[in-house]
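In what follows, a structure is listed as structure tokens, so that the remarks can point back to it.
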Amino acid sequence: MSGHYNLVSWNVNGLRAAIKKGFLELLLEQKFDIVCIQETKVSPDKLPREAKNIPGYYNYFVSAEKNGYSGVGIFSKQKPLDLETGMGIRKFDREGRFLRADYEDFTLMNIYFPNGKASQERLEYKMDFYEIFLDYANTLKADGKKLVICGDVNTAHKEIDLARPKQNEMISGFLPEERAWMDKFVAAGFIDTFRMFNPEGGNYTWWSMRTGSRKRNVGWRLDYFFVSENLQDNVKSSSIYSDIMGSDHCPVGLELEF
DNA sequence: TCGGGCTGTAC
DNA sequence: ACAAATGCG
DNA sequence: GTACAGCCCGACCGCATTTGT
């Protein structure tokens, strides 16, 4: 069995706006075998025709019940053997944050984890989502599945993962409890693939739009590719495409070799 | 995220 | 049809 | 009385939707 997969994950901050800024080029160049996107902010019936008719790709979407909110999607050259559109828990599934695609060589999960900044309630919702997801991933792992987990995790794991750690210790996205969950997730055997190759600070995937932070690189690393330990040897590279514009996040990438 | 305006403390 | 306000991040 | 560190607060951008005229 041998194969090569080039994957990319991108929080596009509104798919329709991203398309106007040239998002579809990423697909038309055919460089990636699988493209995972988050924050599509669109329901399937409002999705532009051209996004559904990209030569060479199957496409799958879930959306929130609330209009213009959340939503994730996958473009895939290979047709997955199976597709799941949620974790099976209504309070999470109604926000369109989870897609799972099963391939012969691995199981892919594309996730837009909740943002906890708005209120205490939303922080609790985020922490609940984290716990349920870890249970879900551990169950698949116990089955011997090879897991690839990507998306917007909405937490910077360590001090090295954001430009202003001290100022944000009490802000959702870098709270002790959020970071502790990421410790637990990693301890459970899920590998932050970017750190397999790059130990340096200054590598971020999100920059605030409000004060021109991106050109000064005042950012956070919120977007990740994780793999289960049984896939570690198949990881060929993991990257941050910080020069690709069109969203307040930039894409992250993973190359797998079987 | 960043600056202004306010407080308090140190010298 | 356009402008302003709102919700969310 | 001046200097400085620390805290609080508000404006800030962009997407999509809803509301108002």
Side-chain angles (χ1 to χ4, degrees), chain A residues 9-26 36-52 61-73 91-98 110-130 150-157 159-175 177-179 201-224 242-252:
Chain A
S9 170
W10 193 7
N11 180 323
V12 295
N13 189 29
L15 180 56
R16 285 166 291 177
I19 287 172
K20 288 179 186 142
K21 291 181 257 183
F23 167 78
L24 294 178
E25 304 302 314
L26 192 78
C36 295
I37 58 175
Q38 303 88 36
E39 276 205 271
T40 57
K41 298 188 177 187
V42 69
S43 52
D45 49 301
K46 289 183 179 171
L47 198 63
R49 283 268 178 275
E50 64 263 35
K52 292 188 188 175
F61 295 92
V62 288
S63 60
E65 290 175 2
K66 187 192 299 239
N67 281 339
Y69 178 71
S70 186
V72 298
K91 82 163 176 167
F92 298 128
D93 294 347
R94 67 197 292 273
E95 293 194 1
R97 298 180 174 276
F98 179 98
N110 172 26
I111 309 172
Y112 174 41
F113 288 89
N115 187 304
K117 279 196 173 80
S119 65
Q120 186 62 34
E121 287 70 26
R122 290 304 291 177
L123 178 60
E124 284 168 18
Y125 181 89
K126 177 182 184 179
M127 296 309 299
D128 287 351
F129 191 107
Y130 275 160
C150 71
D152 177 359
V153 178
N154 254 320
T155 295
H157 188 187
E159 292 205 357
I160 193 179
D161 295 315
L162 72 167
R164 301 280 183 267
K166 287 288 174 285
Q167 291 93 316
N168 289 292
E169 264 167 357
M170 301 312 274
I171 302 293
S172 177
F174 196 56
L175 291 174
E177 62 196 289
E178 297 169 324
R179 300 175 60 196
N203 289 293
Y204 310 125
T205 66
W206 174 84
W207 303 263
S208 171
M209 281 185 290
R210 306 184 194 200
T211 39
S213 325
R214 188 162 184 171
K215 58 183 182 296
R216 291 175 297 116
N217 198 29
V218 177
W220 303 47
R221 193 167 71 97
L222 302 179
D223 303 86
Y224 303 81
S242 50
D243 53 338
I244 296 185
M245 311 300 284
S247 167
D248 51 348
H249 294 250
C250 75
V252 294

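Labels below follow one simple rule: chain letters A, B, ... track the order of the sequence lines, proteins then strands, and each chain is numbered from 1.
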Would you list the atom pairs, donor with acceptor, under 3.5 Å between side chains in residues 216-223 of chain A and any protein atom, with sequence neighbours excluded?
unit_1: A/R216; atom_1: NH2; unit_2: A/T211; atom_2: O; d: 3.0
unit_1: A/N217; atom_1: OD1; unit_2: A/W207; atom_2: NE1; d: 3.0
unit_1: A/N217; atom_1: ND2; unit_2: A/G202; atom_2: O; d: 3.1
unit_1: A/R221; atom_1: NE; unit_2: A/D161; atom_2: OD1; d: 2.9
unit_1: A/R221; atom_1: NH1; unit_2: A/D192; atom_2: OD1; d: 3.2
unit_1: A/R221; atom_1: NH1; unit_2: A/D192; atom_2: OD2; d: 3.4
unit_1: A/R221; atom_1: NH2; unit_2: A/D161; atom_2: OD1; d: 3.2
unit_1: A/R221; atom_1: NH2; unit_2: A/D192; atom_2: OD2; d: 2.6
unit_1: A/D223; atom_1: OD1; unit_2: A/T205; atom_2: OG1; d: 2.6
unit_1: A/D223; atom_1: OD1; unit_2: A/H249; atom_2: ND1; d: 2.8
unit_1: A/D223; atom_1: OD2; unit_2: A/H249; atom_2: ND1; d: 3.4

Going by number, which of residues 119-127 of chain A have a non-hydrogen atom under 4.0 Å from DNA chain D? none
Give the rounded distance in Å between these two atoms: [atom1] of [X] and [atom2] of [N].
X: A/D223; N: C/dG9; atom1: CG; atom2: P; answer: 15 Å
X: A/K215; N: B/dC2; atom1: NZ; atom2: P; answer: 10 Å
X: A/R216; N: D/dC13; atom1: CZ; atom2: P; answer: 13 Å
X: A/N13; N: D/dG14; atom1: CG; atom2: P; answer: 11 Å
X: A/D152; N: C/dG9; atom1: CG; atom2: P; answer: 11 Å
X: A/K166; N: B/dT1; atom1: NZ; atom2: P; answer: 15 Å
X: A/K117; N: B/dT1; atom1: NZ; atom2: C1'; answer: 11 Å
X: A/M245; N: D/dG14; atom1: CE; atom2: P; answer: 11 Å

So what does A/K46 hit on the nucleic acid, given a heavy-atom distance under 4.0 Å: a base, only sugar-phosphate, or nothing? sugar-phosphate
When we call it a touch if two heavy atoms are under 4.0 Å apart, what does A/W220 touch: a base, just sugar-phosphate, or nothing? sugar-phosphate
Hey, does the side chain of A/R122 reach the backbone of A/G116 with a donor-acceptor pair shorter than 3.5 angstrom? no
For the backbone of A/E95 and the side chain of A/S70, can you confirm whether one donor and one acceptor N or O come within less than 3.5 Å of each other? yes
Hey, could you give me the NZ/OG distance between A/K41 and A/S63, rounded to the nearest 0.5 Å? 14.0 Å
Out of [options], which nucleotide sits closest to the side chain of [X]?
X: A/E39; options: D/dC15, C/dG9, B/dC2; value: C/dG9
X: A/M209; options: D/dC15, D/dC13, D/dT17; value: D/dC13
X: A/N67; options: B/dT1, D/dC15, D/dT18; value: D/dT18

Taking only residues two or more places apart in sequence or in another chain, which ones pass ring pair (Phe, Tyr, Trp, His ring centres under 6.0 Å) with A/Y125? A/F92
Test ring pair (Phe, Tyr, Trp, His ring centres under 6.0 Å) applied to A/Y130 - qualifying residues, sequence neighbours left out: A/F113, A/W181
Does the side chain of A/N110 reach to within under 4.5 Å of the side chain of A/Q38, using non-hydrogen atoms? yes
Show me the protein contacts with nucleotides 1-8 of chain C, counting only N or O atoms at under 3.5 Å.
unit_1: C/dC8; atom_1: OP1; unit_2: A/K66; atom_2: NZ; d: 2.6

If we check side chain to side chain contact (heavy atoms under 4.5 Å, CB included) with A/K126, which of these qualifies: A/T155, A/N115, A/L175? A/T155
In whole angstrom, give me the gap between the P atoms of D/dC12 and B/dG5. 15 Å
With A/Q167 via side chain to side chain contact (heavy atoms under 4.5 Å, CB included) - residues at least two apart: A/R164
